[in-house]
Amino acid sequence: MEFIMPVFALIATPAVRIRSDGCAILQALPMEHLGARGMTEARTLAEISTAVTLYGERTAGAHPGRSFSITVHIRRGDRKPRGFDAAYRTGALGTDRWVLMVDNDADGARILHGRSAAETGNMASCKGDVA
């Protein structure tokens, strides 16, 4: 019996986290993408995480200063590795590593619509919960 390697599509979508009353809300432009879709074969969560990192670094290099999240879709009919859904949901695959944190909706709108991170002074990279 031949093992068929699952295929995953990686898509970079413009997104920001907006601080609001002690929490952070992810706002994205789901119908817009940055660059080409990435395709990867992976058997394990570690292989998917590595592919996300490489794809994210290429996307960030091609779109400096842009804030984005990466979505991961599995090819129809393929089987996800054990624990994929939980890892994806909790951010363990690193899909939100390039999402920037902003303080208000106006800054979020500027970032989502193409203004570079360097032009906005009150942003920080989102690395977890808002304090």
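Just so we're clear, the structure is a prediction, and the values are computed from it rather than from any experiment. Below, each value reflects all heavy atoms present in this structure, side chains not excepted, and no hydrogens, waters or symmetry copies.
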Exercise. Any side-chain heavy atom of D85 within less than 4.5 Å of one from K80?
Worked result: yes

Seminar exercise, completed: Interatomic distance, CE@M5 vs CZ@R43, rounded to 0.5 Å, equals 4.0 Å

Exercise. Is the number of heavy atoms from other residues, nucleotides or ligands under 6.0 Å of R37 CZ greater than 12?
Worked result: no

For this session: Determine, step by step, whether T13 and E32 satisfy the side-chain contact (heavy atoms from CB on, under 4.5 Å) criterion, reporting the C-alpha distance in whole Å, the side-chain angles of both residues, the deciding distance to 0.1 Å, and the verdict.
Result: CA-CA 6 Å; T13 303; E32 293 188 27; 5.8 Å; no

For this session: Report the hydrophobic cluster partners of V7, with the cluster defined as I, L, V, M, F, W, Y residues connected by side-chain heavy atoms closer than 4.5 angstrom, directly or transitively.
Result: M39

For this session: For D96 and R17, run side-chain contact (heavy atoms from CB on, under 4.5 Å): C-alpha distance rounded to whole Å, both residues' side-chain angles, the deciding distance at 0.1 Å, then the answer.
Result: CA-CA 10 Å; D96 288 347; R17 286 202 189 282; 2.9 Å; yes

Exercise. Considering only heavy atoms from C-beta outward, does the side chain of S67 approach that of V99 to under 4.5 Å?
Worked result: yes

Problem set entry | Side chain to side chain, L10 and T71, heavy atoms closer than 4.5 Å | no

Seminar exercise, completed: Residues P81 and I48: closest non-hydrogen pair is CG-CD1, 3.8 Å

Exercise. Counting distance only, does the side-chain N/O of T50 pair as donor-acceptor with the main-chain N or O of A46 below 3.5 Å?
Worked result: yes

Exercise. Taking the side chain as C-beta and beyond, is there a heavy-atom pair between F68 and T59 under 4.5 Å?
Worked result: yes

Problem set entry | Residues S69 and R97: side-chain donor-acceptor under 3.5 angstrom | no

For this session: Determine yes or no for a side-chain-to-main-chain donor-acceptor pair under 3.5 angstrom, with Y88 supplying the side chain and L93 the backbone.
Result: no

Exercise. Is the closest side-chain heavy-atom distance between F84 and V72 below 4.5 Å?
Worked result: yes

For this session: To the nearest 0.5 Å, tell me how far I70 CD1 sits from H33 NE2.
Result: 12.0 Å

Problem set entry | Flag side-chain contact, heavy atom, 4.5 Å: H73 against I11 | yes

Exercise. Is there side-chain contact between R75 and P6, with at least one heavy-atom pair below 4.5 Å?
Worked result: no

Problem set entry | Intermediate values then yes/no, ring pair (Phe, Tyr, Trp, His ring centres under 6.0 Å), Y55 and F8 | CA-CA 12 Å; Y55 176 73; F8 295 86; over 10 Å; no

